[in-house]
Amino acid sequence: MGSIDKYIFKTTLASFALVLVSLTGVIWITQALRGIDLMTSQGQTILTFLGITGLVIPALVLIIAPIALMIAISHTLNKLATDSEIIVMNAAGFSPIRLFRPFFLATCVVAALVAFIGAYLAPDGMRRIKQWDAEITADVLTNILQPGRFAQLDQNLTIRIRERLPGGVLGGVFVDDRRDPQERVTIIADHGTVQKTDRGSYLVLYDGNLQRFEVGKRDPALVAFARYAFDMSKFSQGRDVTLGIRERYLWELMWPDEEDKTYQQLSGQFFAELHDRFMAPIYPFAFAALTFAFLGAPRTTRQSRNFSIGGSVFAVFGLRMVGFACSVMAVKTPLAALVQYLMLFGGIGVGIWMIVGGVVVEPPPRLMEAINRNNERIARLFRRPATA
């Protein structure tokens with residue numbers, strides 16, 4: 001690449017990175033707030049919360065990256081037009097298609113990033129979320145035990161907690177264990193915590209007393225303790241994780257296991273998801289071509305670019321919305337995937353045709369005249385009367 005190409009290439013990628021981080025951060029915060037109960041009700045640490053919510057970022061980038069590229073290209077072209085650099089390059093012999101080359105190279109980088117995320121990184125993050133969530137939800141102490149309620153974990157075993165305190169501490173613990181027919185154990189503790197070791201999970205109780213009623217004895221045995229471990233390993237076993245369609249790698253969608261029950265029940269969704277992964281790297285090229293087609297033509301600083309910006313936004317978002325609709329329809333109608341392919345390549349073709357032909361997108365003269373007349377009427381309404 002020449003110096004001009006490097007300048008445009010670096011400016012576009014830098015703007016893309018800034019927009020991508022900003023948009024992803026805002027959307028990630030809205031998604032992360034939904035999982036705040038991991039810390040409040042289930043007593044998980046801030047690291048667990050950030051780890052689980054952070055794994056959704058690749059899936060967000062997969063959708064946001066093409067839009068961020070469109071914004072970056074629009075910003076770069078607007079910057080070049082404001083400084084009259086597009087007109088200078090055009091006068092120096094740069095054709096529109098030649099000027100598009102550094103943007104195309106930047107689009108190739110974004111498309112490669114999207115392809116990698118769609119094929120491996122996003123599904124890997126989603127399956128890690130499901131596995132991590134399974135480990136948390138498998139612990140009965142974080143799900144069945146609700147403050148103020150008596151929970152029967154097993155036949156003749158009842159546990160109640162008064163409240164959940166910060167840091168995973170259980171306040172006011174009551175345990176009634178009658179599983180052994182020869183004795184009944186009742187435990188009351190001020191608070192307790194859950195500890196997991198290689199031997200299993202234990203409910204460690206602090207500052208309480210234990211009453212043991214043995215068969216054949218008149219009086220119970222009463223023991224006060226500062227620390228007591230109650231075995232809960234039986235109720236903290238992990239459970240099998242069934243991977244959904246979004247948790248499958250690209251090659252697992254291409255060559256699914258015929259005996260997989262999920263595939264047998266949702267083969268249409270497998271088909272739609274597979275083609276979504278294939279089309280994900282194509283969207284950046286369609287967005288880049290359409291955006292440059294609307295904004296890349298040389299204009300003087302007196303010519304308004306607002307109509308072209310609005311047209312590019314309408315074209316790109318219209319293409320994306322129709323793509324979403326086709327993805328939903330492809331579950332039951334495979335022909336919708338073909339329509340989506342034709343739409344994407346058609347958008348790329350129209351964009352390239354406009355770039356090669358040097359088409360300048362401008363509002364119709366009659367529309368501009370009507371807008372100007374309307375602006376004049378509004379100005380007259382708010383114009384102050386002249387003083388004598």
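All values derive from a computational prediction rather than experimental measurement. Keep in mind that the numbers below use all heavy atoms, side chains included, and drop hydrogens, waters and symmetry copies.
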Please check if the side chain of Arg277 supplies one atom and the backbone of Gly118 the other of a donor-acceptor pair under 3.5 Å. yes
Does Asn209 use its side chain to pair, donor to acceptor, with the backbone of Gln211 at less than 3.5 Å? no
Has Arg127 got its NZ or CZ under 6.0 Å from the middle of the six-membered ring of Tyr249, at an angle within 45 degrees of the ring axis? yes
Exceeds 12 heavy-atom contacts within 6.0 angstrom, atom CZ of Phe225: yes
Salt bridge (charged side-chain N to carboxylate O under 4.0 Å, His left out) for Arg98 and Asp5? Distances and angles first, verdict last. CA-CA 10 Å; Arg98 173 64 182 82; Asp5 292 337; 2.9 Å; yes
Give a yes or no on whether a salt bridge exists between Asp190 and Arg162, defined as a side-chain N under 4.0 angstrom from a carboxylate O. no
Smallest heavy-atom separation, Gln340 atom then Gly323 atom, equals NE2-O, 3.3 Å
Atom OH of Tyr341 with >12 non-hydrogen neighbours under 6.0 angstrom: yes
Would you call the rings of Phe103 and Phe292 parallel, tilted or perpendicular, taking 30° and 60° as the class edges? tilted
Give the intermediate values and the outcome of side-chain contact (heavy atoms from CB on, under 4.5 Å) for residues Leu295 and Ile309. CA-CA 7 Å; Leu295 301 175; Ile309 294 175; 3.6 Å; yes
Kindly indicate whether the side chain of Phe270, heavy atoms from C-beta on, has any atom under 4.5 Å from the side chain of Glu273. no
Determine whether a donor-acceptor pair (N or O, by modelled atom type, separation under 3.5 Å) exists between the side chain of Glu163 and the backbone of Leu170. no
Taking salt bridge (charged side-chain N to carboxylate O under 4.0 Å, His left out) as the test, write out the residues that go with Asp124, two or more places apart. Arg128
The single option from Thr11, Ile71, Leu13 that satisfies side chain to side chain contact (heavy atoms under 4.5 Å, CB included) with Thr76 is Thr11
Can you establish whether the number of heavy atoms outside Arg320 located under 6.0 Å from its atom CZ is more than 12? yes
How far apart are the C-alpha atoms of Asp176 and Arg160, what are their side-chain angles, what is the distance that settles it, and do they pass the salt bridge (charged side-chain N to carboxylate O under 4.0 Å, His left out) test? CA-CA 9 Å; Asp176 183 30; Arg160 178 188 183 275; over 6 Å; no
Report whether Met329 and Leu342 are members of the same hydrophobic cluster (ILVMFWY, side-chain heavy atoms less than 4.5 Å apart, transitive linking). no
Check this for me: Met343, atom CE, are more than 12 non-hydrogen atoms of other residues, nucleotides or ligands nearer than 6.0 Å? yes
